[in-house]
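Since the structure comes first, as structure tokens, the remarks are kept for the end.
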There are 2 protein chains.
Amino acid sequence: MTQNNAQDVCQTECVHETVVNTIKPKMHSTELLLDLSEIFKILGDHTRVRILHALSLSELCVCDMANLLNMSSSAISHQLRVLRAAKVVKFRKDGKNVFYSLDDHHIFSLINEGLAHVLE
Amino acid sequence: MTQNNAQDVCQTECVHETVVNTIKPKMHSTELLLDLSEIFKILGDHTRVRILHALSLSELCVCDMANLLNMSSSAISHQLRVLRAAKVVKFRKDGKNVFYSLDDHHIFSLINEGLAHVLE
DNA sequence: CTCACGTATGAACATATGTTCAAATGATAT
DNA sequence: ATATCATTTGAACATATGTTCATACGTGAG
């Protein structure tokens, strides 16, 4: 077995056991961190961030967003599907229109926290 | 011109002009929101989130992280490159080892804000 | 019912992304 | 200098992702 795999890479040589052993029990589960990365992945798209930022200012229908972002309704709708699946936005139907709004105050906080970072 | 493009999708029909005109001047620039999405994109990866979470607990060398995450040093190093480019982590060299740590308190806040969301 | 329109969906496409393997650095010790 | 080890890098690969186009769905008006 000459090739490295995840198990035997410098496990006995360079690992600082004291630190690693202290941290290991403090770390959140892999599953939880996977969920965390999924949330960030949802926010990690130019179009979706713009949609969410717009929705943080007001409830909007698909057409309004298409107009605000200067994109096709189809492109907007595809992204709204992703945001719906992630329970980041909610919607109500009114005749032919579907009005979207933010469903989660945490997302609002994340967007604003991120904005503070970028604006600095 | 029969096909839709971004300009002429339901601009005169369904747009709620009052709302849209109120929001438009309040929206951050497309460029700023692009930067914002880039930050979230950095955090939107399973491996990188795990690295950052570990680093939020202690300074670590590549080998420690490979051990903690049960991955190859190469895979870790590739992701650290991304994190370095985004100025999310900083590093110091000590002999053969390279110790990484978080470089940005905003990232720490974002990770924890996100965790609060996921833990709820 | 039929039409128009707002919205949603599916397929296709190009592009981006993460991991692996192999090889190359850079530093320490002998 | 040579060997060894931690880290980095490059190429290749498979997979995921976002947009466009065409089409379908669902509602309200005539």
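In the text below, chain A, chain B and the rest are named by the order of the sequence lines, each starting its count at 1.
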Practice task
Side-chain contact test, heavy atoms from C-beta onward, threshold under 4.5 Å: evaluate it for B:Ile23 versus B:Val20 and give yes or no.
Solution key: no
Problem - Flag, side chain of B:Asp45 to backbone of B:Arg48, donor-acceptor distance under 3.5 Å - result: yes
Problem - Separation of SG atoms, A:Cys14 and B:Cys61, below 2.5 Å - result: no
Got a list of protein N/O to nucleotides 25-30 of chain D N/O distances below 3.5 Å?
none

Exercise for the section: Send over the distance from A:Arg92 CZ to C:dT7 P, rounded to a whole Å. Expected result: 12 Å
Exercise for the section: Give a yes or no on whether the ring-centroid distance for B:Phe99 and A:His16 is below 6.0 angstrom. Expected result: yes
Exercise for the section: In whole angstrom, give the distance that lies between atom CG of B:Leu80 and atom P of D:dT9. Expected result: 11 Å
Problem - Distance in angstrom units between B:Phe99 CZ and D:dT7 C1', rounded - result: 12 Å
Handout entry: Position toward the 5' end of DNA chain D (nearest nucleotide), A:Glu38 or B:Cys61
Key = B:Cys61
Exercise for the section: Tell me which nucleotide among C:dT19, C:dG6, D:dT7 gets nearest to the side chain of B:Asn97. Expected result: D:dT7
Handout entry: Any residue of residues 44-56 of chain B with a heavy atom less than 4.0 Å from an atom of DNA chain D
Key = none
Practice task
Tell me, yes or no, whether the heavy-atom count around B:Arg81 atom CZ, taken from other residues, nucleotides or ligands under 6.0 Å, exceeds 12.
Solution key: no
Exercise for the section: Using atom CG of B:Leu60 as one end and atom P of D:dA6 as the other, report the distance to the nearest whole Å. Expected result: 16 Å
Exercise for the section: Measure from the side-chain N and O atoms of B:Ser56 to the backbone N and O of B:His53, and report whether any donor-acceptor pair falls under 3.5 Å. Expected result: yes
Handout entry: Main-chain N/O of B:His105 paired with B:Ser109 side-chain donor or acceptor, under 3.5 Å
Key = yes
Exercise for the section: Check whether the side chains of B:Tyr100 and B:Arg92 place a donor and an acceptor atom closer than 3.5 Å, and report yes or no. Expected result: no
Exercise for the section: Give a yes or no answer on whether the side chain of A:Lys41 reaches the backbone of B:Lys41 with a donor-acceptor pair at less than 3.5 Å. Expected result: no
Contact list (N/O, under 3.5 angstrom) for nucleotides 9-16 of chain C vs protein:
unit_1 : atom_1 : unit_2  : atom_2 : d
C:dT9  : OP2    : A:Arg81 : NE     : 3.3
C:dT9  : O4     : A:Ser74 : OG     : 2.7
C:dG10 : O6     : A:His78 : NE2    : 2.7

Handout entry: Rounded interatomic separation in angstrom, taking CD from A:Gln79 and C1' from D:dT19
Key = 8 Å
Practice task
Quickly work out the A:Met71 CE to D:dG18 P distance and round it to whole Å.
Solution key: 11 Å
Exercise for the section: Specify the separation, in whole Å, of atom NE2 of B:His16 and atom C1' of C:dG6. Expected result: 10 Å
Problem - Any side-chain donor near an acceptor of the partner, A:Glu113 and B:His106, under 3.5 Å - result: no
Problem - Straight-line distance of B:Leu110 CG to B:Ile42 CD1, nearest 0.5 Å - result: 12.0 Å
Practice task
State whether B:Tyr100 places a side-chain N or O below 4.0 Å from either non-bridging phosphate oxygen (OP1 or OP2) of D:dT8.
Solution key: yes
